[in-house]
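Note that the structure is predicted; figures quoted are calculated from it, not measured. Below, read A as the first sequence line, B as the second, and so on, with proteins coming before strands; counting in each chain starts at 1.
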Number of protein chains: 2
Amino acid sequence: MAVTIRDVAKASGVHVSTVSRTFSAPHLVNAETRTRVLAIAEGLGYRPNRAARALTTGRTHNLGLIVADIANPFFPPLIKAAQAQARERDYHVFVADTDEDPLMEQELIETLSKQVDGVLLCSPRLSNRMIEKLRAEVPFVVVNRRVKGLTTVLMDVGQGARAAIGHLVSLGHRRIALLTGPDGSWTSEEMRTAAASAAGDFDVELSVLGPNEPTEQGGIAAADKVAGSTAVLCYNDLVALGLIEGLTDRGLKVPDDVSVVGVDDSLPGRLNKPKLTTITMPTAAAGRMAVDLLLAAVGAGESGTPTLARLETSLVIRESTGAAPA
Amino acid sequence: MAVTIRDVAKASGVHVSTVSRTFSAPHLVNAETRTRVLAIAEGLGYRPNRAARALTTGRTHNLGLIVADIANPFFPPLIKAAQAQARERDYHVFVADTDEDPLMEQELIETLSKQVDGVLLCSPRLSNRMIEKLRAEVPFVVVNRRVKGLTTVLMDVGQGARAAIGHLVSLGHRRIALLTGPDGSWTSEEMRTAAASAAGDFDVELSVLGPNEPTEQGGIAAADKVAGSTAVLCYNDLVALGLIEGLTDRGLKVPDDVSVVGVDDSLPGRLNKPKLTTITMPTAAAGRMAVDLLLAAVGAGESGTPTLARLETSLVIRESTGAAPA
DNA sequence: CTGAAAGCGCTAACAT
DNA sequence: ATGTTAGCGCTTTCAG
């Protein structure tokens with residue numbers, strides 16, 4: 001077995017509780033004793049056992065981070081930021097992938113709940129009802145989903161979507177298509193509402209097409225459906241990239257024949273030819289903020305008031321949008 | 001507090017140890033008692049506390065996964081696969097990002113070690129000496145790095161690199177450049193060795209240029225250095241993509257003027273125009289295998305023999321390579 | 001087959 | 001300022 005608090009106590013000639021205090025409440029320990037204990041602990045290579053500590057304190061100092069698909073380029077920056085922020089706060093994070101499966105999501109929450117102080121639900125696929133039920137087991141913070149009474153971090157795609165429609169209209173487009181995402185996606189619904197309202201304001205036609213798989217395949221498959229529109233706003237960059245590919249296969253040029261806008265500002269979009277016009281999602285900021293809100297909620301216990309953080313998005317105009325064909 | 005084993009025991013009129021057995025050694029419990037206890041546990045919503053269990057069993061059923069950079073597109077598929085495989089085996093996984101910092105890596109290993117049964121080190125930046133020292137604290141499996149006496153999963157880029165050189169030679173290229181990766185990268189060194197040997201076999205010229213940053217920027221920056229070669233094998237897809245961009249800026253066409261080969265078969269490469277010819281890295285398979293080897297090592301304890309798994313890579317010919325210019 | 005009791009590593013009153 | 005004691009939730013001998 002590894003070296004325990006008891007070994008340190010024995011070696012320094014003090015009681016275990018004194019050793020415990022040197023680590024968790026140093027100010028309660030005589031400076032001299034403290035330095036000695038610290039030195040001996042160091043020498044022995046002692047590291048407090050966080051799991052054992054959790055048993056008595058009720059705080060595991062672990063967080064759970066549940067995402068639909070780790071390999072979706074939208075998530076890695078968020079995971080990276082959340083994980084870095086958590087470590088800064090002396091927290092470790094379990095990362096789990098649900099494969100877009102609500103049942104898996106629930107299962108994960110339940111098995112993880114005892115091992116973490118809170119969980120970050122990113123773009124959950126679970127029903128709001130289920131989420132509200134599960135919240136009794138463990139504190140949540142939800143990213144990109146509106147759940148009544150829960151602390152939430154939202155990225156305001158609506159804002160970006162309005163800007164995108166405005167941009168397309170200014171380029172002369174009058175028939176615009178929207179490729180929605182999976183059913184149950186808050187982001188998709190937000191985009192739909194905002195795009196519809198903006199289309200109304202500008203008095204242009206908006207065809208809402210979906211649901212589509214949030215992948216390149218989904219975009220390729222949608223290439224047939226967008227005929228008749230000169231510009232397409234896509235659920236995310238992957239769909240946009242797939243769509244461009246599908247369009248190209250059909251002999252259509254982007255942006256000459258069709259303008260395409262994505263969402264996420266992901267790496268593949270930035271590297272694409274043509275470079276993708278897209279709505280940036282502040283994923284890293286969202287990850288950091290979600291962790292801080294979660295930790296605040298954990299600290300506050302039941303008493304905490306749910307917060308709603310709304311992060312701004314913006315349109316980045318690159319090469320996949322251009323003047324509407326004559 | 002949540003419902004504990006004690007609550008279940010009380011409610012079912014048996015001793016806690018019987019409840020414990022129904023979960024961890026069902027065959028030792030009378031079938032009738034078992035079903036009753038199970039039913040009551042279910043009704044109460046009881047979930048065993050894994051942390052508490054870990055305290056007595058010494059098995060946390062957690063794994064650590066340490067990578068240099070979560071946002072590097074090479075890693076997400078590996079993380080996803082490792083995490084999925086772990087869950088299949090009833091393990092949860094902590095994911096941590098070192099930001100390419102060896103000190104951070106060490107710190108993470110140390111704080112994580114008490115909370116996990118083993119850790120997966122992916123493309124570690126830590127020195128071999130340090131790794132060998134740390135292994136006393138927790139079982140390791142290393143991916144894409146050769147460490148004496150440690151179980152290792154390697155992706156055989158050498159094989160792919162030889163195939164790439166062969167492919168280029170068959171297209172008529174006689175002057176080929178190799179853009180290496182960061183110093184200390186095992187993958188980069190493997191590529192160098194294999195490419196050099198293949199170039200020798202085919203009697204063509206190979207210019208080894210590096211080190212280069214493993215990013216798009218690194219590729220852009222290298223565009224000046226490859227003049228004189230008609231084909232370039234790059235450390236990874238990002239470098240290749242950057243190189244293509246840099247070459248394009250200089251008025252050179254890919255593959256007409258220069259052929260470019262990447263490594264990773266990453267999403268951005270697949271979506272690029274022209275689609276990138278690349279060496280596939282079996283990252284998902286590596287993730288799964290690494291988890292299984294780690295779990296095997298955990299089970300075997302000290303007695304286990306280190307294994308060396310070598311996964312095959314292969315060349316995927318797409319659009320960024322073509323006949324050498326006349 | 002089941003109960004009793006000890007203990008995993010640590011913290012948190014409570015004493016001293 | 002430090003020691004004592006009692007658990008946290010669970011598993012594991014050892015009896016019965």
Side-chain angles (χ1 to χ4, degrees), chain A residues 1-38 40-41 44-62 90 110-117 137-138, chain B residues 1-38 40-41 44-62 90 110-117 137-138:
Chain A
M1 266 283 97
V3 22
T4 79
I5 202 176
R6 211 123 44 198
D7 302 320
V8 178
K10 208 163 296 173
S12 11
V14 297
H15 197 218
V16 290
S17 50
T18 303
V19 179
S20 172
R21 280 186 209 104
T22 29
F23 285 93
S24 24
H27 58 281
L28 293 181
V29 171
N30 181 303
E32 205 171 308
T33 322
R34 192 197 317 151
T35 48
R36 187 160 46 85
V37 170
L38 248 22
I40 292 188
L44 259 41
Y46 168 73
R47 290 252 164 198
N49 182 324
R50 299 166 66 122
R53 179 179 287 179
L55 209 50
T56 58
T57 60
R59 287 271 173 279
T60 60
H61 268 242
N62 291 150
D90 196 26
E110 290 179 340
T111 60
L112 233 31
S113 65
K114 286 291 200 325
Q115 244 175 129
V116 300
D117 295 339
E137 314 212 354
V138 59
Chain B
M1 266 283 98
V3 22
T4 80
I5 200 175
R6 211 124 43 198
D7 302 321
V8 179
K10 207 162 299 172
S12 14
V14 296
H15 195 101
V16 290
S17 49
T18 302
V19 179
S20 173
R21 281 186 207 104
T22 29
F23 285 93
S24 23
H27 59 280
L28 293 181
V29 172
N30 180 302
E32 205 171 309
T33 321
R34 191 196 319 150
T35 47
R36 187 161 45 86
V37 170
L38 248 22
I40 292 189
L44 258 42
Y46 168 75
R47 290 250 166 200
N49 181 324
R50 299 166 67 123
R53 177 180 289 178
L55 207 50
T56 58
T57 60
R59 286 272 174 279
T60 61
H61 268 243
N62 291 151
D90 197 26
E110 291 179 341
T111 59
L112 232 32
S113 65
K114 287 290 199 325
Q115 243 176 127
V116 300
D117 295 340
E137 313 211 356
V138 58

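- Atom CG in A:L28 sits roughly 11 Å away from atom P in C:dA12 (whole-Å rounding).
- Across A:A2 and B:K114, no two heavy atoms sit closer than the pair CB-CE, 3.8 Å.
- Pairing each heavy atom of A:F23 with each of A:L38, the nearest pair is CZ-CD1, 4.1 Å.
- If you take CZ of A:R50 and C1' of C:dT11, they are 16 Å apart, rounded to a whole angstrom.
- For A:R50, the salt bridge (charged side-chain N to carboxylate O under 4.0 Å, His left out) partners are A:D90, not counting sequence neighbours.
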Measure all distances between protein nitrogen or oxygen atoms and nitrogen or oxygen atoms of nucleotides 13-16 of chain C, and list the pairs falling under 3.5 Å.
residue : atom : partner : partner atom : Å
C:dA13  : N6   : A:R21   : NH2          : 3.4

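- Looking only at distances, no side-chain donor or acceptor of B:R21 sits under 3.5 Å from a matching main-chain atom of B:V29.
- Recorded end-axis angle for the helix from C:dC1-D:dG16 to C:dT16-D:dA1 stands at 40°, based on five pairs per end and rounded to 10 degrees.
- For A:R59 and C:dC10, the CZ to C1' distance is 16 Å, given to the nearest whole Å.
- Nucleic acid contact for A:Y46: sugar-phosphate only, since backbone atoms but no base atoms lie under 4.0 Å from a heavy atom of the residue.
- Separating the CZ atom of B:R53 from the C1' atom of D:dG9 is a distance of 11 Å, rounded to the nearest angstrom.
- For the pair A:T18 and D:dG3, the criterion of a side-chain N or O lying under 4.0 Å from OP1 or OP2 is met.
- The heavy-atom pair separating A:V116 from A:V138 by the smallest distance is CG2-CG2, 4.1 Å.
- Of the side-chain N and O atoms in B:R6, one or more sit less than 4.0 angstrom from OP1 or OP2 of D:dC8.
- Between atom CG of residue A:D7 and atom CD1 of residue A:I40 there is a gap of 11.5 Å, rounded to the nearest 0.5 Å.
- Phosphate contact (OP1/OP2 of D:dC10, side-chain N/O of B:S20, threshold under 4.0 Å): absent.
- In this structure, CD1 of B:I5 is placed 12 Å from C1' of D:dT12, rounded to the nearest angstrom.
- What separates CG of B:N49 from C1' of D:dT11 is a distance of 13 Å, to the nearest Å.
- At the phosphate of D:dT2, OP1 or OP2 sits under 4.0 Å from a side-chain N or O atom of A:T33.
- Here the C1' atom of nucleotide C:dC10 and the NZ atom of A:K10 are 15 Å apart, to the nearest Å.
- Side chain of A:T4 to main chain of A:R6: a donor-acceptor pair is present (N/O by atom type, distance under 3.5 Å, no hydrogens or angles).
- Here the side chain of B:S24 pairs a donor or acceptor atom with the backbone of B:S20 at under 3.5 angstrom.
- Remark: C1' of C:dC10 and CG of B:L55 are 8 Å apart, rounded to the nearest angstrom.
- One finds a side-chain N or O of B:H15 lying less than 4.0 angstrom from the OP1 or OP2 phosphate oxygen of C:dA4.
- Under 4.0 angstrom from either OP1 or OP2 of D:dT11 there lies at least one side-chain N or O belonging to B:S24.
- Here the side chain of B:S12 pairs no donor or acceptor atom with the backbone of B:V14 at under 3.5 angstrom.
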